[in-house]
Amino acid sequence: MPQDNNTDTAIHKPLDEELQGQIYFDQNKVQSKAKSFYVESYGCAMNFADSEVVASILSKEGYTPTKELDNADLVFINTCSIREKAEETIKRRVFIFNKQKRKNPNLVIGILGCMAERLKSKWLDEDKLIDLVVGPDAYRDLPSLISNVQHGHKGINVLLSREETYADIEPLRLDNNSISAYISIMRGCDNMCSFCVVPFTRGRERSRNPYTIVAEAQDVFDRGYKEVLLLGQNVDSFKWQNPEDKTNTSFAQLLEMVARIHPTLRIRFSTSHPKDITDDVLYTIAKYKNICKHIHLPVQSGNSRILSLMKRTYDRPWFEERVNKIKEIIPNCSISSDIITGFCTETEEDHQDTLDVIKWANFSTSFMYFYSERPGTLAARKYEDDVPLETKKRRLAEVIKVQHAISLATNESNIGKVFEVLIDGDSKRSDQEFIGRTTQNIKVIFPKKEHINKGDYVHVKITSANSQTQRGIIVE
Ligand code: SAH
Ligand code: SF4
Ligand code: F3S
């Protein structure tokens, strides 16, 4: 799930910048009468993965994806409720889509994902221009809901499921420039952290049949992808029981099954939970070179009292023990994290503990946020949101500063060292340079060289660094 070291907007990645590529935009192949859909996704990687499930369902109905809002017959926004700011961003986008609908009254506007689930029919009550509201477990119903709309009715399905994993739906990859494919391995979350809306918007945790996961990973590898990102809100609690012989598959076993597909297929996964990550998982990561040496391990706070209020079910000593174990079993592993500042009752001393844990654990990067109260959560019902906004923001700025200093020191300490880098593609700034990532998920930028292409592994010697990236040159 992590995509950058940043604040609130880091995980918001509108797909319209990304949607390009051979299948959809080869204009010669697109029939002029084909109906098209436009989808914009917000929130975590699981939402982006879901948009690819939606795209697959729609393409079977004869719709083709477009990156032009103006050309679309259907417009979907796959929404996120994680923080108030995320919801505000989405409401602004819906306002733009409504403008579009005033120009083209036949346009169908659909709200998908977590905000659809959270606000349900309120969407339709409050905004007459919206046609469809579909929650994360109801995407199979899209064709019939769209047909209802075409017959003049509004469409809503926000039922959550205990079984749905979309295991049999082959996602339609929306970012064809990428060498990396998302694979959802589970859905929902049973943890009920007191600040978090996800259990309400995504429902109960359920794991997907591991054989369908391996088949999907094999398929993307055969189609030229070089990396798979296994996704779940808490991958360590992946558990699947074979209905025939009643044998269980754990996350460690799943990792091993995917790692064996091919030694050149890189495997990443997110998100790990400090309470659940097992030594078995760590030994499996250590055993296979192609399982990336990077664990995203959100700590949220460095203070045990706050962790207890957050209902994270671990305390600071437990977190430290898990980090020590990671460093012992996988010495070259990087650890990134998520941090919340200004949670209910957080004092300056508690906040100092958070600054301290970032330094102690030496996180490579973190996603950092100030606490945003979410309706319906335990924290909203039981605790007072008593840290003033300015204090939350000041603490967030301090957390970001400390994290950047740690990232910079780590990246600078790599100068002169050589890393294996998988090339993602051209760097943003120049088509004369590639960008790639090390197994530790550190970005590296370096000049191109003849006969070396996107998707290749190269050895790069680091020559300079900042807190976000390292620069280097290809060495033989
Ligand atoms: N399942 C993952 C987290 C998913 S949400 C885990 O347990 O680690 C991603 C991150 O958003 C969380 O780790 C947390 O840092 C942040 N977050 C969630 N709810 C929030 C809230 N109400 N206010 C601020 N940040 C929040
Ligand atoms: Fe939210 Fe906690 Fe579940 Fe993560 S583990 S999705 S923070 S409830
Ligand atoms: Fe947001 Fe839903 Fe993901 S609330 S972070 S899109 S699970």
Side-chain angles (χ1 to χ4, degrees), residues 1-3 6-13 40-51 77-87 89-90 111-119 135-137 160 182 184 186-205 231-237 269-277 295-301 306-307 309-314 319 335-344 346 354 363 366-380 383 385 387 389 392-393 395-396 399:
M1 259 160 263
Q3 288 165 16
N6 213 328
T7 52
D8 229 13
T9 53
I11 52 174
H12 297 152
K13 188 169 92 168
E40 200 168 283
S41 307
Y42 291 83
C44 61
M46 301 207 69
N47 241 20
F48 285 75
D50 278 2
S51 292
I77 181 157
N78 197 353
T79 60
C80 173
S81 288
I82 201 81
R83 284 167 290 276
E84 198 178 346
K85 208 167 143 191
E87 292 201 344
T89 307
I90 286 155
I111 310 290
L112 311 177
C114 292
M115 254 178 111
E117 194 60 51
R118 197 177 83 72
L119 297 173
D137 286 345
L160 287 172
Y182 293 137
S184 287
M186 57 206 294
R187 301 182 71 81
C189 182
D190 281 351
N191 281 326
M192 302 300 267
C193 300
S194 62
F195 52 81
C196 184
V197 77
V198 171
F200 303 94
T201 62
R202 294 260 165 182
R204 299 303 297 269
E205 181 184 289
L231 299 173
Q233 290 298 352
N234 179 1
V235 290
D236 301 295
S237 65
F269 54 89
S270 190
T271 301
S272 301
H273 196 299
K275 86 174 157 71
D276 290 321
I277 189 163
I295 298 174
H296 185 61
L297 195 69
V299 65
Q300 313 297 359
S301 165
I306 294 291
L307 287 170
L309 284 178
M310 286 177 163
K311 299 272 182 275
R312 288 291 286 180
T313 68
Y314 55 84
F319 183 78
I335 303 174
S336 59
S337 203
D338 291 350
I339 308 278
I340 298 176
T341 67
F343 187 64
C344 313
E346 188 189 70
T354 298
F363 294 138
S366 292
F367 291 98
M368 298 160 280
Y369 316 98
F370 64 79
Y371 173 58
S372 164
E373 187 178 81
R374 307 311 294 131
T377 56
L378 185 117
Y383 314 148
D385 183 10
V387 178
L389 184 61
K392 288 179 180 174
K393 286 188 173 169
R395 289 181 190 165
L396 175 61
V399 160

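Atoms within each ligand, like the ligands themselves, are counted from 1 in listed order. All values derive from a computational prediction rather than experimental measurement. This chain uses plain numbering: 1 for the first residue, then up along the sequence.
Contacts between M46 and ligand 3 below 4.0 angstrom, taking non-hydrogen atoms only, are absent altogether. Heavy atoms of Y369 found under 4.0 angstrom from ligand 1 belong exclusively to the side chain.
Considering both main-chain and side-chain atoms, Q233 comes within under 3.5 Å of ligand 1 through a nitrogen or oxygen pair. Ligand 1 has no nitrogen or oxygen under 3.5 angstrom from a nitrogen or oxygen of H273. For a threshold of 3.5 Å applied to N or O pairs, the pair formed by D338 and ligand 1 contains at least one separation below that value. Below 3.5 Å of separation, one finds an N or O of Q300 facing an N or O of ligand 1.
With hydrogens and angles disregarded, no donor-acceptor distance shorter than 3.5 Å links the side chain of R118 to the backbone of V197. Although no hydrogens or angles enter the test, the distance criterion places no donor-acceptor pair under 3.5 Å between the side chain of R83 and the main chain of Y369. The main-chain N or O of V299 is found under 3.5 Å from a side-chain atom of Y314 such that the two form a donor-acceptor pair.
Across all their heavy atoms, M368 and V399 have their closest contact at SD-CG1, 3.6 Å. Minimum heavy-atom separation, Y42 to F48: C-CE1, 4.1 Å. Minimum interatomic distance between C344 and I306 (heavy atoms only, all atoms of both residues): O-CD1, 3.8 Å. Across all their heavy atoms, C189 and P199 have their closest contact at O-CB, 3.7 Å.
Heavy atoms of V198 stay at 4.0 angstrom or farther from ligand 1. Heavy-atom distances between F367 and ligand 1 stay at or above 4.0 Å for every pair. For the ligand labelled ligand 3, residue M115 lies outside the 4.0 Å heavy-atom shell. Contact analysis puts I82 in contact with ligand 1, with a non-hydrogen atom separation below 4.0 angstrom.
The only option from C193, C196, S301 that meets the side-chain contact (heavy atoms from CB on, under 4.5 Å) definition with R312 turns out to be C193.
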Inset, instruction - Start with the C-alpha gap between L309 and Y383, add the side-chain angles, then the distance that decides, and say whether side-chain contact (heavy atoms from CB on, under 4.5 Å) holds. - result: CA-CA 9 Å; L309 284 178; Y383 314 148; 3.8 Å; yes

Inset, instruction - Tell me, with the steps shown, if Q233 and R187 meet side-chain contact (heavy atoms from CB on, under 4.5 Å). - result: CA-CA 7 Å; Q233 290 298 352; R187 301 182 71 81; over 6 Å; no

Inset, instruction - Please assess L160 against E117 for the test side-chain contact (heavy atoms from CB on, under 4.5 Å), listing each intermediate value before the final yes or no. - result: CA-CA 8 Å; L160 287 172; E117 194 60 51; 3.6 Å; yes

Legend entry - side-chain contact (heavy atoms from CB on, under 4.5 Å) evaluation trace for V235 with S272: CA-CA 6 Å; V235 290; S272 301; 4.1 Å; yes

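Across C114, S81, C44, heavy-atom proximity to atom 2 (Fe) of ligand 3 is greatest for C114.
Residues with a heavy atom under 4.0 Å from ligand 2: C189, N191, M192, C193, F195, C196, V198, P199, Q233, H273, R312.
Shown in contact with R83 at under 4.0 Å from a heavy atom are these atoms of ligand 1, numbered in order with element: 11 (O), 16 (C), 17 (N), 23 (N), 24 (C), 25 (N), 26 (C). Taking a cut-off of under 4.0 Å to the non-hydrogen atoms of N47, the atoms of ligand 3 that pass are 6 (S). For ligand 3 and Q233, the ligand atoms under 4.0 Å from any heavy atom of the residue are 7 (S). Interface atoms of ligand 1 facing P298, defined by a heavy-atom separation under 4.0 Å, are 8 (O). Of all the atoms in ligand 3, the ones that sit under 4.0 Å from a non-hydrogen atom of C80 are 1 (Fe), 4 (S), 5 (S), 6 (S). Heavy-atom proximity to R312, at under 4.0 Å, picks out these atoms of ligand 1: 6 (C), 7 (O), 8 (O).
No side-chain donor-acceptor contact under 3.5 Å links N78 and D50.
Between D385 and K392 there is a salt bridge, since at least one side-chain N of the basic residue sits less than 4.0 Å from a carboxylate O of the acidic one.
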